[in-house]
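Positions are given from 1 along the sequence.
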Amino acid sequence: MKNTKAMYSLSYGLFVLTTREGEKDNGCIINTGMQVTTTPNRIIFTVNKGNYTHDLLMKSRRVTLSVISEEADFSLFQRFGFQSGREADKFAGLDGVVRGENEVLRPTVGVNAWLSGWVVSTTDLGTHTLFLADVVDGDVVSSVPSATYAYYQAHIKPKPPAAPVKSEKKRWVCKVCGYVYEGDTLPEDFICPICKHPAEDFEQME
């Protein structure tokens, strides 16, 4: 293993899990992963059964976990978190893609460490499967802190557009023709431009 310190990056954060079955590479984002033993280096992680990557991993048993850093762009989350692997090639056009010794593709941009290995056992948890894997390779590639879910929500996920500012101006409507006047006040000598009625034929709108 290149760098055992890569194991420490599993203490917390979000991870891109990638695997390969046949000619198909796929990946998804998970938020559970931890070291369980050091001799051998073993990790556990869970994957939702509804995820296509789960199906490939159950067959191939080859896995790579890339630890997402605080420098990651939202596009990394869009690619691995929101796209369906059955319909989209999650690696198409992705910069800095590397195929590891276990032949699994992994991203290198927006990550601070990676671990790869082989699944040795699985446990059914209902909606998820718990995987136990031997880590055979890994490295730390950046000192940038790992991105937690809270950091993603606060700093990476785009903020929704601000609600339009409600007009502070008041409005009056002509009781004769329905013309609406907008302003701070309705002038006493105002004449409706439509029906030519005076200001006293207007009433203020709520």
Please identify each residue that fulfils side chain to side chain contact (heavy atoms under 4.5 Å, CB included) with Val16, with sequence neighbours left out.
-> Thr18, Ile29, Ser66, Ile68, Leu76, Phe80, Pro107
Identify, with sequence neighbours excluded, every residue that meets side chain to side chain contact (heavy atoms under 4.5 Å, CB included) alongside His155.
-> Tyr151
Residue pairs passing the ring pair (Phe, Tyr, Trp, His ring centres under 6.0 Å) test with at least one member in residues 92-113, sequence neighbours excluded, are none
Can you tell me how far OG of Ser84 sits from CD of Glu87, rounded to the nearest 0.5 angstrom?
-> 4.0 Å
Passing candidate, salt bridge (Lys or Arg N to Asp or Glu O under 4.0 Å) with Asp25, options Arg99, Arg62, Lys90 = Arg99
Is Arg42 salt-bridged to Asp134, cutoff N-O under 4.0 Å?
-> yes
Are side-chain heavy atoms of Ile30 and Leu65 found at a separation under 4.5 Å?
-> yes
For the rings on Phe202 and Phe190, is their centre-to-centre separation under 6.0 Å?
-> yes
Atom pairs and distances, side-chain donor-acceptor, residues 51-58, under 3.5 Å, sequence neighbours left out:
from: Asn51; atom 1: OD1; to: Thr53; atom 2: N; distance (Å): 2.9
from: Asn51; atom 1: OD1; to: Thr53; atom 2: OG1; distance (Å): 3.2
from: Thr53; atom 1: OG1; to: Asn26; atom 2: OD1; distance (Å): 2.6
from: Thr53; atom 1: OG1; to: Gly27; atom 2: O; distance (Å): 3.2
from: His54; atom 1: NE2; to: Thr129; atom 2: OG1; distance (Å): 2.8
from: Asp55; atom 1: OD2; to: Arg86; atom 2: NH2; distance (Å): 3.1

Val144 backbone acceptor or donor facing Asn112 side chain under 3.5 Å | yes
Gap between atom CG of Asp201 and atom SG of Cys192 - 0.5 Å precision = 9.0 Å
Please answer whether the main-chain N or O of Asp124 pairs with a side-chain N or O of Lys49 as donor and acceptor at a distance below 3.5 Å.
-> no
Where the side chain of Arg106 meets the backbone of Thr19, is there a donor-acceptor pair that is under 3.5 Å apart?
-> no
Does a side-chain heavy-atom distance below 4.5 Å link Ser116 with Val104?
-> no
Kindly indicate whether the side chain of Trp114, heavy atoms from C-beta on, has any atom under 4.5 Å from the side chain of Val141.
-> yes
Polar side-chain atom of Ser60 near backbone of Arg20 as donor-acceptor pair, under 3.5 Å = yes
More than 12 foreign heavy atoms under 6.0 Å from CZ of Phe74: is that the case here?
-> yes
Side-chain heavy atoms of Asn31 within contact of Tyr149, under 4.5 Å | no
All side chain to side chain donor-acceptor pair (under 3.5 Å) counterparts of Gln204, not counting sequence neighbours = none
Answer whether the closest heavy-atom distance between the side chains of Thr122 and Arg61 falls below 4.5 Å.
-> yes
Lys175 and side chain to side chain contact (heavy atoms under 4.5 Å, CB included): which partner among His197, Glu203, Glu200?
-> Glu203
So, Thr37 side chain and Pro40 main chain: donor-acceptor pair closer than 3.5 Å or not?
-> yes
Can you check whether Phe15 reaches Ser146 side chain to side chain, under 4.5 Å on heavy atoms?
-> no
Distance col, row Lys170:NZ vs Thr185:OG1, nearest 0.5 angstrom, shows 8.0 Å
side-chain contact (heavy atoms from CB on, under 4.5 Å) assessment of Val97 paired with Thr108 = CA-CA 6 Å; Val97 175; Thr108 62; over 6 Å; no
Euclidean distance, Asp137 CG relative to Leu115 CG, rounded to 0.5 Å | 9.0 Å
With sequence neighbours left out, what residues match Tyr152 under ring-ring contact (aromatic ring centres under 6.0 Å, His included)?
-> Phe77
Rounded to the nearest 0.5 Å, the CG atom of Leu17 sits from the OG1 atom of Thr32 at a distance of 9.0 Å
Counting only N and O atoms by type, is there a donor-acceptor contact under 3.5 Å from the side chain of Asn102 to the main-chain atoms of Val63?
-> yes
Side chains of His128 and Val47: does their closest heavy-atom pair fall under 4.5 Å?
-> no
Distance from Asn48 atom CG to Cys28 atom SG, nearest 0.5 Å?
-> 8.5 Å
